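Basis for what follows: all heavy atoms, side chains included, without hydrogens, waters or symmetry-related copies. Remember, predicted model here, so these are calculated numbers, not experimental data. Proteins get letters first, then strands, A, B, ... in listed order; numbering begins at 1 in each.
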Amino acid sequence: MGGGSTGRPPADENELIRNRRGKLARLRERGEDPFSITGYSRTHLAAEVRDSFGTLEGATVRVAGRLMARRRHGKATFADLRDGSGTIQLLFRVDQLGEERYRGLDDLDDGDIVGAEGEVMKTRAGEITVAAAGLSLLAKALRPLPEKWHGLRDVELRYRRRYLDLIANEETRRAFEVRSRLIASIRRFLDERGFLEVETPMMQSVAGGALARPFVTHHNALDIDLHLRIATELHLKRLVVGGMERVYEIGRVFRNEGVSTQHNPEYTLLEAYQAYADYRDIMELTESMVARAAEEVLGTPKVTYQGQEVDFTPPWHRVAWTEAVTARTDLTPEELQSKEAARQACERLGLPADPELHLSTMVDNIFERFVQPTLIAPAFVTDYPTPVSPLAKAHGDRPELAQRFEPFAGGMELGNAFSELNDPDEQRRRFEEQARSRAAGDEEAHPMDDDFLLALEYAMPPTGGLGIGIDRLVMLLTDSASIRDVILFPQMRPESKQPTPPADQTGSEA
RNA sequence: GAGCCGUUAGCUCAGUUGGCAGAGCACCGGACUUUUAAUCCGGGUGUCCUGGGUUCGAAUCCCAGACGGCUCACCA
């Protein structure tokens with residue numbers, strides 16, 4: 001980006017910013033514009049200096065990072081420098097830098113990006129330190145950092161200005177490191193099992209593969225509306241038809257639904273498909289993958305989530321959906337199959353019991369209220385009703401039940417998996433059934449997808465498929481109560497300039 | 001979408017019954033060559049979220065709005 005040297009100061013200028021801009025102006029007058037510097041060759045990271053003190057003592061190193069604190073003592077000044085690896089202390093002494101360059105420290109502020117060159121030493125107090133003989137200001141921070149002791153607590157600021165959250169809060173840095181390492185671990189696991197990572201379209205004419213409302217956008221040149229994907233499922237299964245027998249994608253999907261501590265409109269979904277496998281094989285894959293990821297990222301398969309222990313060590317508990325509900329309520333399996341009985345049950349249990357509600361919605365509410373919160377230890381809930389599983393193969397002997405499971409842990413739903421329905425005619429019937437729900441007003445019913453049906457007609461091998469919400473898994477591994485704490489830039493309303501509403505519109509009707 | 005709660009200095013937070021706007025850190029000035037939440041002396045830097053209203057007087061009470069958090073509803 002271009003831009004001259006006459007940038008306008010922001011409107012929210014205050015004394016602190018004026019001071020820093022004044023220092024920048026002085027530096028420029030001396031011909032030391034920090035923003036003209038294009039690089040700084042480091043020899044060591046902060047952590048390397050500290051870890052290798054034994055061999056580095058007395059050696060000259062070059063380090064660079066953000067100035068986090070300064071402690072001035074007249075003719076000596078200590079500073080904490082933080083880079084991506086950690087923190088290292090710098091020592092500036094007037095007898096080492098000379099009067100003039102020592103005075104130059106006056107133009108430094110906490111938050112500035114600096115490079116320092118000097119000998120590695122240890123102070124009287126035992127702190128490993130770089131005694132700086134050279135100092136370069138590499139970028140000037142024009143705004144003060146959040147307070148160093150309490151960090152940045154304001155959640156709105158933490159989300160809107162995540163960079164400040166990352167600078168100020170160690171636990172935030174850690175959470176996103178865990179997130180990155182978790183995804184890397186999952187990739188390694190799947191790669192080792194022979195899966196290919198692929199990328200499928202985010203913009204789709206038909207947004208299928210899940211039951212959710214899509215975002216709509218428009219392609220100008222083609223003059224067509226497109227939907228942002230709500231899942232990767234149907235494209236990945238096309239690839240299985242094409243002979244890619246083990247494929248996965250880790251990518252963002254977009255669902256036009258509300259936000260909550262467990263929902264962000266865009267979130268990261270892992271989907272994996274394995275030919276010649278069924279949902280039982282996928283259970284094994286799921287528990288092995290998650291347990292190993294926890295082990296690799298945290299060093300243990302056991303985590304504490306919101307005060308409760310969650311142990312990912314396989315095998316996870318398995319319980320059929322109907323049994324899970326009947327065990328936690330006084331309902332019978334029959335009451336879960338008749339709309340009127342379920343409605344009366346909901347009424348009795350204090351759940352929404354509107355006659356308009358679908359059977360599937362009501363029984364789902366019952367499950368969510370009475371079963372899901374109890375699923376703290378990792379568990380697979382299996383054999384969901386077929387009508388709410390339009391893409392899953394049914395049991396041969398129990399056509400009303402799908403070969404499907406959902407993994408739960410910490411009281412959260414982590415994903416969805418099944419033996420993929422590969423009978424094109426049956427899939428068409430399921431889509432038609434969904435189309436009827438849609439016509440009846442269910443905006444989340446699965447849309448008809450003729451192109452996908454065409455692919456199935458060329459034969460897809462029996463296949464097991466899995467979807468895992470990566471964000472929720474990260475929540476578990478980082479003990480985060482809100483999904484926003486594991487998404488770098490969670491969805492927020494734009495900050496409005498608050499266009500003052502025309503107050504007291506005398507003489508004007510709204 | 002509904003209910004409850006919150007918004008005060010750059011940051012973290014106090015603010016009593018409606019009566020001059022407060023503290024710590026940061027910052028500014030001064031002292032200090034081994035500190036590490038450095039210390040010591042001096043200095044308060046503000047659209048009390050916004051707009052109305054009540055009142056002699058509003059950060060405080062009332063109304064409306066903005067943004068956020070939590071809970072519920074819908075979803076993963």
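Between A/E15 and A/R18 the shortest side-chain heavy-atom distance falls below 4.5 Å.
If you take CG of A/D364 and P of B/C74, they are 9 Å apart, rounded to a whole angstrom. What separates CZ of A/R18 from C1' of B/G46 is a distance of 13 Å, to the nearest Å. Counting to the nearest Å, the C1' atom of B/A76 and the CD atom of A/E444 are 11 Å from each other. What separates NE2 of A/H150 from P of B/G10 is a distance of 17 Å, to the nearest Å. Between the OH atom of A/Y102 and the C1' atom of B/U34 there is a distance of 12 Å, rounded to whole Å. As rounded to whole Å, 11 Å separates atom P of B/A9 from atom CG of A/D154. Look at CZ on A/R161: it is 11 Å from P on B/G10, rounded to the nearest Å. Following rounding to the nearest Å, A/I366 (CD1) and B/A73 (P) show an atom-to-atom distance of 13 Å.
Taking atom C1' in both B/U39 and B/U33, one finds a spacing of 14 Å when rounded to whole Å. Taking atom C1' in both B/U60 and B/G18, one finds a spacing of 6 Å when rounded to whole Å. Across B/U12 and B/G6, the matching C1' atoms stand 16 Å from one another, rounded to whole Å. Taking atom P on both nucleotides, B/A14 is separated from B/C28 by 27 Å, rounded to a whole Å. Only the C1' atoms considered, B/G30 is 38 Å distant from B/U16, to the nearest whole Å. Spacing between B/C61 and B/C25 at atom C1', rounded to whole Å, works out to 34 Å. Taking atom C1' in both B/A23 and B/C48, the straight-line distance is 16 Å, to the nearest Å. B/U7 and B/A59: their C1' atoms are spaced 11 Å apart (whole Å).
Using a 4.0 Å heavy-atom cutoff across all strands shown, A/R20 reaches no nucleic acid atom at all. The residue A/L414 sits apart from the nucleic acid: no heavy atom pair falls under 4.0 Å. The residue A/T261 sits close only to the backbone: its heavy atoms come under 4.0 Å of sugar-phosphate atoms, none of a base. Among the heavy atoms of the strands lying under 4.0 Å from A/L157 are primed sugar atoms or P, OP1, OP2 only; no base atom is included. At the heavy-atom level, A/Y267 lies under 4.0 Å from base atoms of the strands shown. Contact annotation for A/V94: base contact, defined as any heavy-atom pair under 4.0 Å involving a base atom. Residue-level contact check: A/G415 touches neither bases nor backbone, having no heavy atom under 4.0 Å from any strand.
Taking a centre distance below 5.5 Å and an interplanar angle below 30 degrees as the stacking criterion, A/F78 does not stack against the six-membered base ring of B/A38.
A/N365 has a side-chain polar atom (N or O) that falls below the 4.0 Å cut-off from OP1 or OP2 of B/C74. Look at A/R71 and you'll find a side-chain N or O under 4.0 angstrom from OP1 or OP2 of B/A38. At B/A73, one or more side-chain N or O atoms of A/R369 fall inside 4.0 Å of OP1 or OP2 (strictly under the cut-off). Close to B/A26, at under 4.0 Å from its OP1 or OP2, lies a side-chain N or O of A/K148. Within the structure, every side-chain polar atom (N or O) of A/R70 is placed at least 4.0 Å from both OP1 and OP2 of B/A26. For B/U35, the OP1/OP2 oxygens have no side-chain nitrogen or oxygen of A/K122 closer than 4.0 Å. Residue A/R72 places none of its side-chain N or O atoms closer than 4.0 Å to OP1 or OP2 of B/A26. In terms of phosphate contacts, A/N14 brings a side-chain nitrogen or oxygen within less than 4.0 Å of OP1 or OP2 of B/G10.
Taking a pair to require two hydrogen-bonding distances under 3.5 Å in either a Watson-Crick or a G-U wobble arrangement, B/U50 pairs with B/A64. For B/A59, there is no paired nucleotide, since no Watson-Crick or G-U wobble pair has both relevant distances below 3.5 Å. In this structure B/G18 sits in no base pair that meets the Watson-Crick or G-U test at under 3.5 Å. Pairing of B/G42, defined by two Watson-Crick or G-U wobble distances under 3.5 Å, is identified with B/C28. Pair assignment for B/A2 gives B/U71, based on Watson-Crick or G-U wobble hydrogen-bonding distances that are each under 3.5 Å. For B/A23, the paired nucleotide is B/U12, the pair qualifying as Watson-Crick or G-U wobble because both relevant distances are below 3.5 Å.
Tested against A/D109, the residues A/R143, A/K23, A/R70 include a single side chain to side chain donor-acceptor pair (under 3.5 Å) partner, A/K23. Tested against A/E271 for a side-chain contact (heavy atoms from CB on, under 4.5 Å), the candidates A/E233, A/K237, A/H235, A/E249 yield a single pass: A/E233. The only option from A/K122, A/E127, A/R71 that meets the side chain to side chain donor-acceptor pair (under 3.5 Å) definition with A/Q89 turns out to be A/R71.
Considering only the side chain of A/D110, B/C27 comes nearest among B/C27, B/U12, B/U33. The side chain of A/L91 sits closest to B/U34 out of B/U34, B/C28, B/A76. Relative to the side chain of A/E15, the nucleotides B/U45, B/C25, B/G69 differ in distance, and B/U45 lies closest. Listed candidates were B/C27, B/C28, B/A76. Nearest to the side chain of A/K23 is B/C28. When each of B/U33, B/G69, B/U36 is scored by its nearest atom to the side-chain atoms of A/V155, the top-ranked nucleotide is B/G69. Side-chain proximity of A/M492 to B/C32, B/C70, B/G68: nearest is B/G68. When the nucleotides B/A37, B/U36, B/C28 are ranked by their closest atom to the side chain of A/N19, B/C28 comes out on top. The side chain of A/P144 sits closest to B/G10 out of B/G10, B/U34, B/C67. Taking only side-chain atoms of A/L152, from C-beta outward, the nucleotide of B/C67, B/U12, B/U33 with the closest atom is B/U12. With B/C74, B/C67, B/A76 as the candidates, the nucleotide lying closest to the side chain of A/R493 is B/C67.
Taking the centre and axis of the six-membered ring of A/F370, the NZ or CZ atom of A/R328 falls outside the cone set by 45° and 6.0 Å.
Within the structure, no pair that satisfies the side chain to side chain donor-acceptor pair (under 3.5 Å) test touches residues 364-382 of chain A, not counting sequence neighbours.
Side-chain atoms of A/R124 stay outside donor-acceptor range of the base of B/U34, with no qualifying N/O pair under 3.5 Å. No hydrogens or angles were tested; on distance alone, a donor-acceptor pair under 3.5 Å links the side chain of A/Q89 to the base of B/U35.
With the nearest nucleotide of RNA chain B identified for both A/H73 and A/N264, A/H73 has the one nearer the 5' end.
Atom CE of A/M492 sits in a crowded spot, with more than 12 heavy atoms from other residues, nucleotides or ligands closer than 6.0 Å. Crowding of A/R252 atom CZ: a count of heavy atoms from other residues, nucleotides or ligands under 6.0 Å not exceeding 12.
Note: A/F380 and A/Y279 fail the aromatic proximity criterion, with ring centroids not under 6.0 Å apart.
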Can I get a per-line list of side-chain donor-acceptor pairs under 3.5 Å for residues 206-216 of chain A, giving both atom names and the distance, sequence neighbours left out?
none

